[in-house]
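Positions are given from 1 along the sequence.
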Amino acid sequence: MKKVVKFGGSSLASAEQFKKVGSIIKADESRVYVVPSAPGKRFPEDTKVTDMLLHLNETAAKGEDLSEEIAAIKARYDEIITGLELKDFSLDEDFAIIKKTLEAEADVDYAASRGEYLNGKIMAAYLGIQFIDSADVIFFNAEGNLNDYKTDKILSEMLSKYEKAVIPGFYGMGKNGKVKTFSRGGSDVTGSIVARACKADVYENWTDVSGFLVADPRIVDNPKVIKYITYRELRELSYMGASVLHEDAIFPVRRAGIPINIRNTNIPEDEGTWIVESTCQKQDYVVTGIAGKKDFCTIFITKAMMNAEIGFGRKVLQAFEENDISFEHMPSGIDTMTIVVHADEFIHKEQSVVSAIHRLAEPDSVEIESGLALVAVVGRGMKSASGTASKLFTALAAKGINIRMIDQGSSELNIIIGVKNSDFETAIKAIYDTFVVSK
Ligand code: ASP
């Protein structure tokens, strides 16, 4: 059994948190490769080290003195080093190099990556295991995307040399020979890449929540934790705004068939959420998760005999393509068609889209409306359970919510409904109550 464990910023924000992480790793011999983030917030108003480094880089770009900011960042690490009582360990030399490098030339990726690099060094010293610099084992191509093939080859060779190691998250080596980072939250991606390279049995992703929640806790009080979720369900929910993991973290492990286990560093006894390819585990509820987003616009198009006009849909979609807008949904009737788009992508281009639709598709009418919210009800269990839609619509009707759009995904994995922005929260609560509280 081999596990890769990734710890998020809040799990490593202070010496106290580091100690929790240390006990978690030591409690299970199979936790062999460790991927740390940079120190995150210790309290709500605190600043993440990554943000301090990004600011430092801006100061460097202006050619101003870096001493004060470097000292503040160093203090964050020194607090951890002292708290862990790491004797004969110091990051003085590393900080001198960072200062010199940024004084010579500001470099946003290099600056941001140092948060993980330095935390990785502390982690390796604390655990007494090998440190592997991610710049030596993770590679990007000329387009700035991960070079999968090269990374997997070199990283797996490197890992085979060490039974245990720390590999800092978030960065690797760019094609130009300079350090390059993933987008924010990218340590999740590193963990996934490491899990695949060492053919891990599990990728444990330790954070500050006990897993993926059935609904947004800002809307529903104390929502239940999802025990098992498939990659496809997760994709549907993340697309609708639910997030615990960086989106790109799914692909490497998914392809390798490695499950992800989301765990809570502060409550390690909680089992968390398992993200898996497929499962026979009995579900507690028909619905796995509920998520949604506000602020969509609809473009409602009519044309007599639309159903018989071959190519009509393509012409309409071309109007969106020409304006560089991606559409989200497209429910259609016999002589009508609705396109749902994100308001922020659409509003400033609305007239140009409408005129393009007229020019290309010659419709009878085009009406646009804003203020639509979409709610996705996702669950692999819906396929075999009858009455799910009826239950859902009854719950919404009971709250007086008018449904403006319905779209059942062809896989029967999700039902998406459109409601007024102002009904959004009430709709989510009503669905949660029906399927989870009084199932
Ligand atoms: N430290 C980086 C960030 O704050 C990456 C990460 O934590 O995953 O985005």
Side-chain angles (χ1 to χ4, degrees), residues 4-10 35 37-38 40 48 50 109 112-113 116 134 138-141 143-148 151-152 169-172 180-197 200 202-209 211-216 226 228-263 272-278 288-296 325-329 341-342 344-345 374-376 378-380 409 411 413-414 416:
V4 168
V5 285
K6 179 259 167 179
F7 291 90
S10 59
V35 176
S37 283
K48 291 181 178 183
T50 307
D109 282 35
S113 73
E116 273 67 13
S134 299
I138 292 182
F139 303 94
F140 292 88
N141 59 27
E143 289 77 45
N145 301 318
L146 180 72
N147 182 337
D148 247 337
T151 299
D152 199 48
F170 193 38
Y171 71 93
K180 183 169 164 45
T181 62
F182 292 104
S183 56
R184 292 299 301 264
S187 299
D188 285 339
V189 187
T190 310
S192 183
I193 294 169
V194 172
R196 177 183 59 186
V202 183
Y203 169 25
E204 285 182 349
N205 189 297
W206 292 81
T207 170
D208 53 5
V209 286
F212 209 90
L213 303 173
V214 174
D216 187 339
I226 301 172
Y228 282 84
I229 183 168
T230 64
Y231 285 119
R232 286 173 58 213
E233 289 174 311
L234 180 73
R235 168 90 180 104
E236 299 282 348
L237 289 171
S238 325
Y239 165 76
M240 272 298 181
S243 73
V244 266
L245 264 190
H246 192 295
E247 240 195 331
D248 298 342
I250 307 290
F251 300 102
V253 281
R254 181 176 182 176
R255 226 181 297 151
I258 301 166
I260 306 175
N261 186 197
I262 309 279
R263 299 286 292 264
T273 298
W274 284 90
I275 306 172
V276 297
E277 178 69 44
S278 176
T288 305
I290 308 156
K293 275 188 193 165
K294 286 186 180 176
D295 292 324
F296 289 89
I325 296 173
S326 80
F327 76 95
E328 307 301 319
H329 295 279
V341 292
H342 277 290
D344 55 355
E345 277 182 55
L374 296 182
V375 177
V378 176
R380 58 189 181 279
S411 55
L413 192 67
N414 63 352
I416 293 177

Stepwise, does the salt bridge (Lys or Arg N to Asp or Glu O under 4.0 Å) test hold for Arg255 with Asp152?
CA-CA 13 Å; Arg255 226 181 297 151; Asp152 199 48; over 6 Å; no

So, using salt bridge (Lys or Arg N to Asp or Glu O under 4.0 Å) as the criterion, who are the partners of Lys293 when residues are at least two apart?
none

Trp206 vs Phe7 aromatic rings, parallel, tilted or perpendicular, using cut-offs 30° and 60°?
parallel

To the nearest 0.5 angstrom, please state how far the CD1 atom of Ile262 sits from the CD atom of Glu204.
10.5 Å

List the steps and the verdict of side-chain contact (heavy atoms from CB on, under 4.5 Å) for Lys6 and Thr190.
CA-CA 8 Å; Lys6 179 259 167 179; Thr190 310; over 6 Å; no

Find out whether Asp344 and Asp295 are in side-chain contact, i.e. whether some heavy atom of one side chain is under 4.5 Å from a heavy atom of the other.
no

Residue pair Val253, Tyr231: steps toward the side-chain contact (heavy atoms from CB on, under 4.5 Å) verdict:
CA-CA 10 Å; Val253 281; Tyr231 285 119; 3.8 Å; yes

Quick one: does Val276's side chain get under 4.5 Å of Tyr228's, heavy atoms only?
yes

CG of Asn205 to CD1 of Ile260: how many Å apart, nearest 0.5 Å?
7.0 Å

What pair of heavy atoms forms the shortest contact from Leu245 to Ile250, and how long is it?
CD1-CD1, 3.9 Å

Please round to the nearest 0.5 Å and tell me the distance separating atom CD of Glu277 and atom OG1 of Thr230.
8.0 Å

Which pair of heavy atoms, one from Ser187 and one from Val35, lies closest together, and at what distance?
O-CG1, 4.0 Å

Atom CD of residue position Glu328 - does it have more than 12 heavy atoms of other residues, nucleotides or ligands inside 6.0 Å?
yes

CZ/Arg235 to CD1/Ile275 distance, rounded to the nearest 0.5 angstrom?
13.5 Å

In the structure I gave you, are the side-chain heavy atoms of Asp148 and Arg196 within less than 4.5 Å of one another anywhere?
yes

Looking only at atom types and distance, does a side-chain atom of Asp188 sit under 3.5 Å from a main-chain N or O of His246, one as donor and one as acceptor?
yes

What closest approach, in Å, do Val4 and Ala200 show between heavy atoms, and which atom pair accounts for it?
CG2-CB, 4.0 Å

Spacing of Tyr171 atom OH and Lys180 atom NZ [to the nearest 0.5 Å]:
14.5 Å

Counting only N and O atoms by type, is there a donor-acceptor contact under 3.5 Å from the side chain of Glu247 to the main-chain atoms of Ser238?
no

What closest approach, in Å, do Leu146 and Ile138 show between heavy atoms, and which atom pair accounts for it?
CD1-CG2, 3.9 Å

Mind checking the OH-CD1 spacing from Tyr203 to Ile258? Nearest 0.5 Å is all I need.
10.5 Å

When you compare the side chain of Met240 with that of Asn414, does any pair of heavy atoms fall below 4.5 Å?
no

Which pair of heavy atoms, one from Asn261 and one from Thr273, lies closest together, and at what distance?
ND2-O, 3.1 Å

Apply the test side-chain contact (heavy atoms from CB on, under 4.5 Å) to residues Thr181 and Glu116: give CA-CA distance (whole Å), side-chain angles for both, the deciding distance (0.1 Å), then the verdict.
CA-CA 10 Å; Thr181 62; Glu116 273 67 13; over 6 Å; no

List the steps and the verdict of side-chain contact (heavy atoms from CB on, under 4.5 Å) for Asp248 and Phe182.
CA-CA 9 Å; Asp248 298 342; Phe182 292 104; 5.9 Å; no

Closest heavy-atom pair and its distance - Leu237, Ile290
CD2-N, 3.9 Å

Who pairs with Arg184 by side-chain contact (heavy atoms from CB on, under 4.5 Å), at least two apart in sequence or on another chain?
Lys48, Thr50, Asp51, Leu54, Phe170

